[in-house]
Amino acid sequence: MGIREKYYNNTRKPVGLLGKRMVNTMNTGHAEVSDWGMDHLKEINPCTIAELGCGGGRNVEQLLKKYPDASVTALDYSAVSVKKTCQVNKKAIQEGRCKVVQGDVSAMPLEDESVELATAFETVYFWPGPLKSFQEVFRILKPKGCFMIVNDTDGTKEIDQQWVQMIDGMHLYNEKQLTQYLQEAGFSGTRVYKDEEKTGFV
Ligand SMILES: C[S@@+](CC[C@H](N)C(=O)[O-])C[C@H]1O[C@@H](n2cnc3c(N)ncnc32)[C@H](O)[C@@H]1O
């Protein structure tokens, strides 16, 4: 594997020095699509949030700002991501508003029905299943809880196949596939929003 492939494989699981660089890049590079996704969270005011596949923790910080009364549990299976998320959210951790957990989304060390909102930015491409992982998200959500997935592609961009070939275990899903997996996992009331120009969708 060349250095370029090695670097981009850190999007799936940041490790070592390249992983440290990658989490910094993700915090800036995913900001636009993440904020676009968060702007769609209009009708809820959650007190308990799980930010899944949290990467460098920038979105944890934004959720804590958006919901000043909420606490956020951030989860990622990469030690590099966990460390960076702890650094970015140090103050919130000290204040007891944020907890960072190392774990896999398909078997989370979180209680049944313990969160009101679960978020997943640019990460479900790598999740086991993803049905198995979505069932796990359903398990940790309270009744009437909300799960928001934000992806910047549905697999229709020209460059997409290059990413899929380069990054091990990456899968791109369109809205129909994601909706079907979500419904099979138990979710109802699924809604899709698309930015047709940029192919961001949530
Ligand atoms: C492309 S990064 C996105 C990070 C962040 N959400 C963002 O938007 O910048 C994907 C993240 O998901 C994490 N991830 C992928 N599969 C995971 C799994 N099965 N369990 C937990 N974390 C996972 C990776 O370690 C990585 O930090």
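Counting starts at 1 for both ligands and their atoms, in listed order. Values below: all heavy atoms of this structure, side chains included; hydrogens, waters and symmetry mates excluded.
Atoms of ligand 1 lying under 4.0 Å from any heavy atom of Ser78, numbered from 1 in the order shown and given with element: 25 (O). Shown in contact with Gly53 at under 4.0 Å from a heavy atom are these atoms of ligand 1, numbered in order with element: 4 (C), 5 (C), 6 (N), 11 (C), 12 (O), 13 (C), 22 (N). Counting atoms of ligand 1 from 1 in the listed order, those under 4.0 Å from a heavy atom of Pro128 are 19 (N). Less than 4.0 angstrom separates some heavy atom of Glu122 from each of these atoms of ligand 1: 1 (C), 2 (S), 3 (C), 8 (O), 10 (C). For ligand 1, the atoms sitting less than 4.0 Å from at least one non-hydrogen atom of Ser81 are 27 (O), numbered in the order shown with element in parentheses.
Considering backbone and side-chain atoms alike, His30 places an N or O below 3.5 Å from some N or O of ligand 1. Considering both main-chain and side-chain atoms, Lys13 never comes within under 3.5 Å of ligand 1 through any nitrogen or oxygen pair. Residue-to-ligand polar distances place Asp104 within reach of ligand 1: an N/O pair is separated by less than 3.5 Å.
In this structure, Phe121 has no ring pair (Phe, Tyr, Trp, His ring centres under 6.0 Å) partners at least two apart in sequence or on a different chain. In this structure, the ring pair (Phe, Tyr, Trp, His ring centres under 6.0 Å) partners of Tyr181, at least two apart in sequence or on a different chain, are Tyr173.
Between Tyr125, Tyr8, Tyr77, Phe121, it is Tyr77 that holds the heavy atom closest to atom 14 (N) of ligand 1. Looking at Asp152, Thr11, Thr123, Val105 and measuring to atom 12 (O) of ligand 1, the nearest heavy atom belongs to Thr123.
Judged by the 6.0 Å and 45° rule, Lys13 forms no cation-pi pair with Phe126.
Of the protein's non-hydrogen atoms, the one nearest atom 27 (O) of ligand 1 is Asp76 OD2, 2.7 Å. Remark: minimum distance from atom 2 (S) of ligand 1 to any protein heavy atom is reached at Met26 SD, 3.0 Å.
The number of heavy atoms from other shown groups lying within 6.0 Å of CD (Gln180) does not exceed 12. Atom CD of Gln94 sits in a crowded spot, with more than 12 heavy atoms from other residues, nucleotides or ligands closer than 6.0 Å. Under a cut-off of 6.0 angstrom, the local environment of NZ in Lys91 is sparse, with at most 12 non-hydrogen atoms contributed by other residues, nucleotides or ligands.
Contact annotation: Gly103 has at least one heavy atom less than 4.0 Å from an atom of ligand 1. Not a single heavy atom of Gly56 sits less than 4.0 Å from an atom of ligand 1. At least one heavy atom of Pro14 sits closer than 4.0 Å to an atom of ligand 1.
With a 4.0 Å heavy-atom cut-off, ligand 1 is reached by the backbone of Arg12 but not by any atom from C-beta on. Only the side chain of Asn59 comes within 4.0 Å of ligand 1, counting heavy atoms alone; its backbone N, CA, C and O stay farther away.
Taking 4.5 Å as the limit, some side-chain heavy atom of Tyr67 sits within range of a side-chain heavy atom of Leu117. The shortest distance between side-chain heavy atoms of Pro130 and Val124 does not fall below 4.5 Å.
The line from OG of Ser34 to CD of Glu122 is 7.0 Å long, rounded to the nearest 0.5 Å.
Of the options Gln62, Arg58, Lys66, a side-chain hydrogen bond (donor to acceptor under 3.5 Å, both in side chains) to Asp35 is made by Arg58 and by none of the others.
No side-chain donor-acceptor contact under 3.5 Å links Asn10 and Lys20.
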